[in-house]
Amino acid sequence: MMNARSGFEELEHTADWALRVWAIDLSGLLCQAVAGMFQLMGTVAGDQAHVVDIEASGIDAETLLVNFLSEILLLGEDEGLMIAPFEPDVEGFRIRSKVPAFKIERQEKEIKAVTFHHLEVKNVSGGIETTIVFDV
């Protein structure tokens with residue numbers, strides 16, 4: 001049962017990390033997933049860097065979610081940046097946005113990949129939810 005209109009919580013998982021995410025729509029779900037992923041990694045933002053272009057697409061909500069989060073991880077690995085909280089503008093299963101980004105000051109843990117393991121974005125009372133498993 002959802003205790004707020006949007007949010008996330010870490011779930012116990014045997015070898016990897018899992019995150020349950022819920023929101024009223026896909027845009028909110030993506031926003032909460034990014035916030036939860038940064039929290040799992042213990043990421044701390046430094047000074048604002050600049051505006052970055054974020055682009056991701058998929059054939060369905062699950063593929064868009066994995067591709068979007070993978071783009072965010074890549075931005076951190078390649079450029080040392082994390083995006084500021086934002087609600088992406090989703091058209092169908094595509095995102096194209098300019099987003100403020102911050103230098104990563106500190107990150108306690110690393111996520112290797114976002115997986116499709118048991119990934120299903122499903123309709124629930126009051127919105128949608130999913131569980132995302134991260135390979136660590």
Side-chain angles (χ1 to χ4, degrees):
M1 180 172 179
M2 294 194 291
N3 56 7
R5 294 187 60 86
S6 64
F8 59 86
E9 67 180 344
E10 184 176 0
L11 300 175
E12 292 293 322
H13 195 276
T14 52
D16 297 316
W17 291 339
L19 190 67
R20 181 167 97 50
V21 184
W22 63 93
I24 59 172
D25 59 16
L26 185 55
S27 179
L29 189 80
L30 295 167
C31 179
Q32 291 300 319
V34 170
M37 185 174 72
F38 284 141
Q39 184 172 310
L40 284 175
M41 293 187 297
T43 308
V44 176
D47 295 332
Q48 185 168 355
H50 57 295
V51 175
V52 296
D53 291 314
I54 300 293
E55 189 172 327
S57 62
I59 59 171
D60 53 25
E62 291 81 7
T63 307
L64 174 61
L65 179 62
V66 169
N67 291 345
F68 176 67
L69 292 176
S70 296
E71 282 295 314
I72 304 303
L73 282 177
L74 194 59
L75 185 66
E77 291 171 9
D78 290 353
E79 300 181 39
L81 297 174
M82 68 180 285
I83 61 169
F86 82 111
E87 286 229 12
D89 185 20
V90 179
E91 293 180 20
F93 299 116
R94 182 177 184 84
I95 299 168
R96 190 179 278 169
S97 296
K98 292 190 180 298
V99 182
F102 296 84
K103 290 285 186 192
I104 294 174
E105 184 176 296
R106 185 178 75 245
Q107 184 168 298
E108 297 170 6
K109 305 171 202 162
E110 181 182 333
I111 289 176
K112 293 179 187 173
V114 185
T115 75
F116 283 96
H117 184 72
H118 295 298
L119 184 63
E120 178 185 4
V121 175
K122 50 189 166 182
N123 292 314
V124 294
S125 175
I128 59 176
E129 75 173 33
T130 193
T131 298
I132 308 162
V133 177
F134 300 95
D135 178 21
V136 294

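Both backbone and side-chain heavy atoms feed into the values below; hydrogens, waters and symmetry mates do not.
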Does Pro88 offer a backbone N or O that forms a donor-acceptor pair with the side chain of Ser27 under 3.5 Å?
-> yes

Thr115 side chain to Phe134 main-chain N or O, any donor-acceptor pair under 3.5 Å?
-> no

Would you say [Y] ends up clustered with [X] if hydrophobic residues are merged whenever their side chains have heavy atoms under 4.5 Å apart, either directly or through other cluster members?
| X | Y | result |
| --- | --- | --- |
| Ile104 | Val44 | no |
| Phe116 | Val114 | yes |
| Ile132 | Val136 | yes |
| Val51 | Phe102 | no |

Which value, rounded to the nearest 0.5 Å, describes the distance between [X] atom [atom1] and [Y] atom [atom2]?
| X | Y | atom1 | atom2 | answer |
| --- | --- | --- | --- | --- |
| Gln32 | Glu87 | CD | CD | 8.0 Å |
| Thr43 | Glu110 | OG1 | CD | 10.5 Å |
| Arg20 | Thr130 | CZ | OG1 | 10.5 Å |
| Lys112 | Trp17 | NZ | CH2 | 10.5 Å |
| Glu79 | Lys103 | CD | NZ | 8.0 Å |
| Thr131 | Lys122 | OG1 | NZ | 6.5 Å |

[X] side chain near [Y] side chain, heavy-atom distance below 4.5 Å:
| X | Y | result |
| --- | --- | --- |
| Met37 | Ile111 | yes |
| Leu26 | Phe93 | yes |
| Ile95 | Glu55 | no |

Tell me, yes or no, whether the heavy-atom count around Asp78 atom CG, taken from other residues, nucleotides or ligands under 6.0 Å, exceeds 12.
-> yes

Going through the checks in order, is the side-chain contact (heavy atoms from CB on, under 4.5 Å) test met by Asp25 and Ile128?
-> CA-CA 6 Å; Asp25 59 16; Ile128 59 176; 5.5 Å; no

For residues 58-77, which side-chain donor-acceptor pairs fall under 3.5 Å, sequence neighbours excluded?
from	atom 1	to	atom 2	distance (Å)
Asp60	OD1	Glu62	N	3.4
Asp60	OD1	Thr63	N	2.8
Asp60	OD1	Thr63	OG1	2.7
Glu62	OE2	Val121	N	2.7
Asn67	ND2	Ser57	O	2.6
Asn67	ND2	Thr63	O	3.4
Ser70	OG	Val66	O	2.7

